There are 2 protein chains.
Amino acid sequence: MNAVAKPLYELVKHHVLGRIRSGELKPGSRVESEYELVRALKVSRMTANRALRELVQSGVLARVPGRGTFVADLRSAAHPLQIRNIAADIQSRGHVHRARVVLQELVECPAVIALRLSISHGMAFHSLIVHHENELPLQVEERFVNPRIAPDYLSVDFTRTTPHEYLMAVAPLERVEHVVSAVAPSATVATLLQLELSEPVLLIERTTWSQELPASFACLYHAGSRFELRGVFSI
Amino acid sequence: MNAVAKPLYELVKHHVLGRIRSGELKPGSRVESEYELVRALKVSRMTANRALRELVQSGVLARVPGRGTFVADLRSAAHPLQIRNIAADIQSRGHVHRARVVLQELVECPAVIALRLSISHGMAFHSLIVHHENELPLQVEERFVNPRIAPDYLSVDFTRTTPHEYLMAVAPLERVEHVVSAVAPSATVATLLQLELSEPVLLIERTTWSQELPASFACLYHAGSRFELRGVFSI
DNA sequence: AAGTGGTCTAGACCACTGT
DNA sequence: CAGTGGTCTAGACCACTTT
């Protein structure tokens, strides 16, 4: 049943991904070298090389000639719709990022969310944070988190770490889904973003999976006039 | 000064890409087999294989075991922010697509656009098309096209082909940039989309390059309530 | 000096498509 | 049948970083 004859390099990839998914390897951890994989898995070096090369290509690993192969961290994993870290984005523009934590609580979670997070008994962590760029509100982040993935979520200081960073640290990301749309802001969002109700908002709904489970569902609201998503693709 | 020691597989890729970019090979054309590349370029088969494999990975080529390697067509080239074909999207949902051509003309093009398209003497093709899904307007497509890339743009029947399809056919795509934002509609766009001025619009600005030149700049306006962008990413 | 990634080769076997 | 892609190997040389 072990697949109908998987290529060897796929087995090597699976070996490495398994160690990452299990949490044994975290971003920054060193991965086996090609020769170590050759010895451990009885494959040729070219096969190990192809496996690692493809994992680099998909953003999971990073290699440094002469030093070794490492689990890539956060930002590099992006690609399709970049997995943005709002704090890093702002800082990379040379501006000041400040997060205001409006809510950070355990709630009976709405049925729609419970469904998305595969939560049976209905309790989830809930946070509402406003991210400011030079004191101007840029993003409202409302997030529901699966307690099984991040049991300590309520005790994290989100003025110092973004929820996304924290979640990436405690549970390696496996899958991300983004839905981007343009919406009118709710009264709450308009207030938090200091917007008129008539101003359009760019909404990114992001669901993440970790350890084969839905880990979190976030709604990221951005003032249309202050935010855009950018992507380049070339052959 | 042909590069400071490019890997051989890069030279092989460049060889194939050159034949595509020049127009010698079009979507569907057969590319040299691995053995042909081995003989022609004096490389080992593994090197030719890697070059072709990477071009498949980036969506440029498609390979069929036992048959050969072919230049990929249109849709497969997607990925980052999917290069969507609105007509195909609508049809894949089992709905009826209809395009209404509002404008299709040669214009003195606005300075901002001229800059983007690297057009010196200021004339460009301009089209304004409304795409309907089951008779409901879904997208307003305003496009400026570099005449050097698509000299026959004005004589194409865009009720039968989308501009994107046409451009892909006459000039292989090299690079795409997308910027996604949420905006309030202009009066024109609101009318064409049958929207209130207060309803948010999802705007995708897409610039494409072909043959080392900017080929077209398009603004794609979508009613926020009827359209969303979706992207999944998994390791 | 030992280890690492980066590349390249010349062979090999397989499953598949075409004629 | 010859041709194709798909995979795999055991070696090789290089440039680089670390000890």
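No experiment lies behind these values; they were computed from the predicted model shown.
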From C-beta outward on B/E34, which listed nucleotide comes closest to its side chain: D/dT4, C/dG6, D/dG5?
D/dG5
Going through the distances and angles, do B/H97 and B/H131 end up as a side-chain hydrogen bond (donor to acceptor under 3.5 Å, both in side chains)?
CA-CA 7 Å; B/H97 168 256; B/H131 296 278; 2.9 Å; yes
Any side-chain heavy-atom pair from B/E32 and B/H15 closer than 4.5 angstrom?
yes
D/dG6, D/dT9, C/dT9: which one has an atom nearest the side-chain heavy atoms of B/R63?
D/dG6
Taking the side chain of B/T47 as heavy atoms from C-beta outward, which of C/dC8, C/dT7, D/dT4 is closest to it?
C/dC8
Pick the nucleotide of DNA chain D nearest each of A/V64 and A/R50; which residue has the one closer to the 5' end?
A/R50
Cationic tip of B/R45 above B/Y35 ring, under 6.0 Å, 45° of axis
yes
Is B/R63 salt-bridged to B/E34, going by a charged N under 4.0 Å from an acidic O?
yes
For A/R148, does the CZ atom have more than 12 heavy-atom neighbours from other residues, nucleotides or ligands under 6.0 Å away?
no
Read 5' to 3' with Watson-Crick or G-U pairs under 3.5 Å, [ ] for crossing pairs and | for partners on another strand, DNA chain C gives |.||||||||||||||...
With respect to the side chain of B/R45, which nucleotide from C/dT9, D/dT7, D/dT9 is positioned closest?
D/dT7
Polar side chain donor-acceptor pair, A/H126 to A/E142, under 3.5 angstrom
yes
